[in-house]
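Chain naming here is simple, since letters A, B, ... match the order of the sequence lines and numbering starts at 1 in each. Only heavy atoms go into these numbers, but all of them, side chains included; no hydrogens, no water, no symmetry mates. Computed from a prediction, not measured in an experiment: that's the story for all the values here.
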2 protein chains.
Amino acid sequence: MTAPERSLRADARRNREAVLAAAAELFAQRGDAVQMDEIAERAGLGVGTLYRHFADKQALLAAIIGRRFEAMTALARAAAEAEDPWEAFETLLYGYLESAQADAAFRFALLGPEEPSWNDIVAEKTDFSAITERIVRRAVDAGRLRDDFRADDFVLITRGAMANMTGAGGWRRHVMLLLEGIGGPER
Amino acid sequence: MTAPERSLRADARRNREAVLAAAAELFAQRGDAVQMDEIAERAGLGVGTLYRHFADKQALLAAIIGRRFEAMTALARAAAEAEDPWEAFETLLYGYLESAQADAAFRFALLGPEEPSWNDIVAEKTDFSAITERIVRRAVDAGRLRDDFRADDFVLITRGAMANMTGAGGWRRHVMLLLEGIGGPER
DNA sequence: CTCTAACCTGAACATGAACTCCGGTTCCGA
DNA sequence: TCGGAACCGGAGTTCATGTTCAGGTTAGAG
């Protein structure tokens, strides 16, 4: 889909990168609400060039999102290295959410009601899910996460936090409430 | 905004209701992604008629959302009647979220990045916030919610849950995790 | 250096959806 | 019953944005 890295003329390869860079920045800022003309201008190219490299807007967005997910997988892999199960979990959780905060396109992909969901695509292209599952299991086994905590709950939590990223940065408090529970002493 | 109930010709009042009914149903189903033509057809009217009653799509949506918020305020008022502070809180929370689940337009209004936020408009038109604040305070005072729980946290929680309403009905689990916390025994 | 396939440009086009407009219709007071 | 103000219908207008393509430019093999 984004593949043809080899056998591109030098200028073509250069322009392709420029498009990706411009699109990444703009999508990250304003999510889906960016015009192709705008991306072209930012990249210092004509619109036609965008379409030489990407079939349509959707494909361009997919390329950007794909990159983010690869970065996300790398992050997860790194988090899994931690000896302490809880540290691994926290690193993954906050790393994931900080990326989401910095990138509206990423949030858009994860929160949007797309069909088929990006989550599914990711499951087929990266092993992010598998790594996450392992990290979660370790934290559960160490007694740091409740017994019935599943990898699906990680998705639940992150979606919840991401929904609180517009406006003030309330998502950290949301995560804190989740970690500690909202109950009081008399519960 | 939605005001002129009196001094409308009989057919006009009837049609106005038809428009509101059709719009409410469609918006509830598919949120913002509904065409004016579609609403007109569903109401058995021409598009022109929609525009006779509402300045634009935004105004129509606002009227619908406004109604939902009034219903929400009534719900909150009813919940506040409960003698048990916790029962009041739970009634409000689940009532609110069940409404959100049934109405995509409502979710759209609450989750969207609109400017100014619907939340602000609501604060000026209804006393939903005040009632919620009272319910929250009672639950805190009774020791059923953590001491530092604020009304803002109610918003945080509901936004989080609403973000998990697409696809499977995972929002109930999200709320449960929030209520109990995700920590394990060794935390 | 030359030649051509690959590449680039951006004005023009296509599409879709909000909104307008005015001839025709309906309500309702007198 | 009648007159006219209020109202309605829906084809047509406008505007925004994604996409194309004919014509000019450039990389790079020979």
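- Applying the side-chain hydrogen bond (donor to acceptor under 3.5 Å, both in side chains) rule to Asp153(A) yields the partners Arg173(B); only residues at least two apart in sequence or on another chain are considered.
- Not counting sequence neighbours, Arg107(A) has no partner by the salt bridge (Lys or Arg N to Asp or Glu O under 4.0 Å) test.
- Minimum interatomic distance between Val175(B) and Ala161(B) (heavy atoms only, all atoms of both residues): CG2-CB, 4.0 Å.
- Every residue was checked against the side-chain hydrogen bond (donor to acceptor under 3.5 Å, both in side chains) condition with Gln29(A), not counting sequence neighbours, and none meets it.
- Within the 4.0 Å cut-off from OP1 or OP2 of dC7(D), not a single side-chain nitrogen or oxygen of His53(B) is found.
- For residues 34-42 of chain A, proximity to DNA chain D is found at Val34(A), Gln35(A), Met36(A), defined as any non-hydrogen atom under 4.0 angstrom from a strand atom.
- Separation of the Phe89(A) and Tyr94(A) ring centroids does not fall under the 6.0 Å cut-off.
- If you take CG of Leu50(B) and P of dG9(D), they are 9 Å apart, rounded to a whole angstrom.
- The shortest non-hydrogen separation linking Met162(A) to Ala100(A) is SD-CB, 3.7 Å.
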May I have the list of side-chain donor-acceptor pairs in residues 130-144 of chain A shorter than 3.5 Å, sequence neighbours left out?
unit_1	atom_1	unit_2	atom_2	d
Thr132(A)	OG1	Phe128(A)	O	2.9
Arg138(A)	NH1	Ala80(A)	O	3.3
Arg138(A)	NH1	Ala82(A)	O	3.3
Arg138(A)	NH2	Ala82(A)	O	3.0
Arg138(A)	NH2	Glu83(A)	O	2.6

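- For the pair Asn15(A) CG and dT26(D) P, the interatomic distance rounds to 12 Å; values are reported in whole Å.
- Looking only at distances, no side-chain donor or acceptor of Thr49(B) sits under 3.5 Å from a matching main-chain atom of Leu45(B).
- With sequence neighbours left out, Phe27(A) forms a ring pair (Phe, Tyr, Trp, His ring centres under 6.0 Å) with no residue at all.
- Legend: salt bridge (Lys or Arg N to Asp or Glu O under 4.0 Å) pairs involving residues 39-61 of chain B, not counting sequence neighbours, sorted by first then second residue: Glu25(B)-Arg42(B).
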What's touching nucleotides 28-30 of chain D from the protein side, N or O pairs under 3.5 Å?
unit_1	atom_1	unit_2	atom_2	d
dG28(D)	OP1	Ala10(A)	N	2.9

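- In this structure, the CZ atom of Arg52(B) is 14 Å from the P atom of dA5(D), given to the nearest Å.
- Taking atom NZ of residue Lys57(B) and atom C1' of nucleotide dC15(D), one finds them 15 Å apart after rounding to whole Å.
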Which donor-acceptor pairs under 3.5 Å do the side chains of residues 71-79 of chain A make with protein atoms, sequence neighbours left out?
unit_1	atom_1	unit_2	atom_2	d
Thr73(A)	OG1	Phe69(A)	O	2.9
Thr73(A)	OG1	Thr126(A)	OG1	3.4

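- OP1 or OP2 of dT19(D) has at least one side-chain nitrogen or oxygen of Tyr51(A) nearer than 4.0 Å.
- Remark: Arg30(A) pairs with Glu38(A) by the side-chain hydrogen bond (donor to acceptor under 3.5 Å, both in side chains) rule, at least two apart or across chains.
- At its two ends the helix from dC1(C)-dG30(D) to dA30(C)-dT1(D) runs along axes set 0° apart, each axis drawn from five pairs and the angle rounded to 10°.
- Listed here is the closest heavy atom pair of Ile64(A) and Leu20(A): CD1-O, 3.5 Å.
- Here chain A contacts DNA chain C (any atom closer than 4.0 Å to a heavy atom, that is under 4.0 Å), and the contacts span dA5(C) to dA11(C) from 5' to 3'.
- Each of Asp32(B) and Gly46(A) lies near DNA chain C, and the nucleotide nearest Gly46(A) is the one positioned closer to the 5' end.
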